[in-house]
Amino acid sequence: MQTNEVINVKKQLKVSLPIAFESLINILMTLVDTLVISVLGTSELAALGAMSVIINIMQMSIQTINVSNNTLVAKAIGEKNNNKVKLTTGNSVFMTILISIITIIVIYAIQPMFPRLFEVDKICITYLTIRLIGFIQSSIVTILSGHQRTIGNQGNILGLRIFAVILNLILDLIAVKQGYGIKGVAWATVFIDTILAIYLLVKSKKTVKYKFEKIYFIEIFKLFKWNFLERIASKVDNFIFNLIVAKMGNLEYAVHVILIQIANIYEAFIQGFGDGITITVGIASGDNTEKSMNKIKEIARKLINVCSFIFPIVILAISIVVMKISLPEKELQNIFYSVLPLLIIGTYVTMSATYYFSILRGVRDFEFLAKRNIISSIAKIILTIVLAFTPLGIVGVWVAYLAYGIIQKYLSKNRYNEMFNRKLCEKRIEN
């Protein structure tokens, strides 16, 4: 288990990089599904893309519990309270199962409306129904893998994710070759989520205590409610964002699906990298020493500055490779290239803003993060609606996407400066 030892660049990278690559590999499972399904045709690709939006919304509450649990576990590690670490995650799993069951019931009830809403083939309902079967397993994997990362087992979870994505690719290819199509791809994902859940339940047996404790359940819920608002704002605007592009036509939406998958890749990597910083900030907050907090901020700043330069270049290369594979038609490539510059700029903005995002999460300022997301999401929706119906078309939609990232960075930076400048002033007054 991690301790509150003095952090340096090497130690921070040891925490952040495995989490970042794990997050990247996790999202690659969805990209693998997309690339394999793309060979079947644009109808199947559009159906998968539409249901990916719904699945992302379903996972919102689970990710919310995961982030809340991770920050509380990190704080407990800083306090050197091992029993609190175990009970916090155990009660998070209870909350996760409850919310997963509610989510499955709601989505199953409303799924008949999705084909008409997104204007995609009815095969999307079959795909989504199968994925619902594995949703509880997937949710447990999210919480327990987050727990394992926070207590210091980043490398083990990274290896587990690598195994999962390779197995997913093999099973997807077999499913398509045998004629099972999109249904086979869905069943492959459910199978993998099930075996991962079983493995993590066994592995976490000694570090998680499954005993309901009201005090821990309430503590998780207090963070959950603000984190939920933060994420629901993003999911709602993302839903509208994708829905508007779906109305533009199959060509635009097929390109948009690929662009969103690439954006999900860099966002997942950046989120994972930031989660590593969040963990060390959380531990420092439990330790409650200003020296360790300042050291973490210094290290985080250096790492983010370097990554903000390198990562957009990497994403540019990945984007071109993915385009060549999944969008062979010239017309589709032209649409892709028209939006690509906005995607790359967005990569830089998101990476550079992660410094502020991760520290604010580490000190559990979820109330601000929720308000920030509501403001930026409203701006994104308005800009998307306005620009989508101008001659800019899909380019206008992605201008709105870029503006969303810029607004989030600006608001987060202001909050960070306000919070830490206030603490500095309070310390000066005390002295």
Side-chain angles (χ1 to χ4, degrees), residues 23 27 53 56-57 59-61 63-64 66-68 71 223-245 256 259-260 262-275 277-278 304 308 311-312 315 339 341-390 392 394-420:
S23 300
I27 204 68
V53 174
N56 283 337
I57 293 174
Q59 292 172 338
M60 173 187 62
S61 296
Q63 291 291 349
T64 298
N66 183 47
V67 172
S68 302
T71 55
L223 293 185
F224 169 83
K225 64 181 181 180
W226 288 114
N227 202 354
F228 181 81
L229 286 175
E230 176 193 352
R231 289 177 180 270
I232 198 172
S234 296
K235 296 301 182 183
V236 169
D237 80 55
N238 194 43
F239 179 83
I240 296 173
F241 184 71
N242 284 277
L243 188 60
I244 290 172
V245 182
H256 181 75
L259 287 165
I260 284 294
I262 295 171
N264 287 342
I265 287 174
Y266 80 67
E267 287 173 356
F269 185 91
I270 292 172
Q271 176 69 57
F273 196 89
D275 284 348
I277 297 172
T278 295
I304 294 298
S308 296
F311 203 55
I315 291 300
V339 180
L342 296 170
L343 178 74
I344 301 305
I345 296 171
T347 306
Y348 168 78
V349 170
T350 305
M351 187 75 242
S352 60
T354 298
Y355 173 79
Y356 308 107
F357 296 173
S358 55
I359 291 177
L360 292 173
R361 286 195 179 94
V363 296
R364 298 169 297 286
D365 194 9
F366 291 128
E367 181 176 352
F368 162 75
L369 293 171
K371 294 176 180 177
R372 177 207 67 183
N373 267 28
I374 291 171
I375 293 170
S376 56
S377 293
I378 290 172
K380 180 181 176 182
I381 290 171
I382 293 173
L383 283 173
T384 300
I385 293 172
V386 171
L387 296 176
F389 300 102
T390 67
L392 288 173
I394 190 173
V395 174
V397 169
W398 279 79
V399 168
Y401 176 88
L402 177 58
Y404 169 81
I406 293 172
I407 292 170
Q408 286 212 322
K409 178 180 177 179
Y410 174 78
L411 293 175
S412 299
K413 182 178 181 180
N414 282 352
R415 176 62 175 177
Y416 170 88
N417 290 333
E418 174 190 326
M419 176 178 291
F420 287 99

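For clarity, every value in this text was computed on a predicted model and none was experimentally measured. Along the sequence shown, the residues carry numbers beginning at 1.
In this structure Gln271 satisfies the side-chain hydrogen bond (donor to acceptor under 3.5 Å, both in side chains) test together with Asp275, sequence neighbours excluded. Not a single side-chain hydrogen bond (donor to acceptor under 3.5 Å, both in side chains) links Gln63 to another residue, sequence neighbours left out. In this structure, the salt bridge (Lys or Arg N to Asp or Glu O under 4.0 Å) partners of Lys371, at least two apart in sequence or on a different chain, are Glu367. Applying the side-chain hydrogen bond (donor to acceptor under 3.5 Å, both in side chains) criterion to Ser376, with sequence neighbours excluded, gives Gln408. Partners of Ser352 under the side-chain hydrogen bond (donor to acceptor under 3.5 Å, both in side chains) rule, at least two apart in sequence or in another chain, are Lys409.
Using a 4.5 Å heavy-atom threshold, the side chains of Leu411 and Phe368 count as touching. Counting only heavy atoms from C-beta outward, the side chains of Leu343 and Tyr266 approach each other to under 4.5 Å. The side-chain heavy atoms of Thr347 and Phe311, taken from C-beta on, include a pair separated by under 4.5 Å. The closest side-chain heavy-atom distance from Met419 to Leu360 is below 4.5 Å. Two residues are said to be in side-chain contact when any heavy atoms from C-beta on lie closer than 4.5 Å; Val395 and Leu342 meet this criterion.
Note on residues 373-389: pairs passing salt bridge (Lys or Arg N to Asp or Glu O under 4.0 Å), not counting sequence neighbours, are Asp237-Lys380.
Scanning both residues, Ile270 and Thr354, for their nearest heavy atoms gives CG2-OG1, 2.7 Å. Nearest approach of Ser412 to Tyr356, heavy atoms of both residues: CB-CB, 3.9 Å. Closest of all the heavy-atom pairs between Tyr404 and Asn373 is OH-ND2, 4.2 Å. Taking all atoms of both residues into account, the shortest heavy-atom contact from Ala400 to Leu387 is N-CD1, 4.4 Å. In this structure, Ile304 and Met351 approach most closely via the heavy-atom pair CG2-O, 3.3 Å. Considering all non-hydrogen atoms of both residues, Leu223 and Phe366 come closest at CD2-CD1, 3.6 Å.
Classified by interplanar angle (parallel below 30°, tilted 30° to 60°, perpendicular above 60°), the ring pair Phe269/Phe273 is parallel.
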Criterion side-chain contact (heavy atoms from CB on, under 4.5 Å) on Asp365 and Trp226, from CA distance to verdict: CA-CA 9 Å; Asp365 194 9; Trp226 288 114; over 6 Å; no
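To the nearest 0.5 angstrom, Thr350 atom OG1 is 9.5 Å from Ile406 atom CD1. How far CH2 of Trp398 is from CG of Leu392: 15.0 Å, rounded to the nearest 0.5 Å. Between Phe389 atom CZ and Thr384 atom OG1 the span is 10.0 Å, to the nearest 0.5 Å.
The backbone N or O of Ser358 lies less than 3.5 Å from a partner atom in the side chain of Thr278, making a donor-acceptor pair.
With no hydrogens or angles considered, no side-chain donor-acceptor pair links Thr71 and Arg361 at under 3.5 Å.
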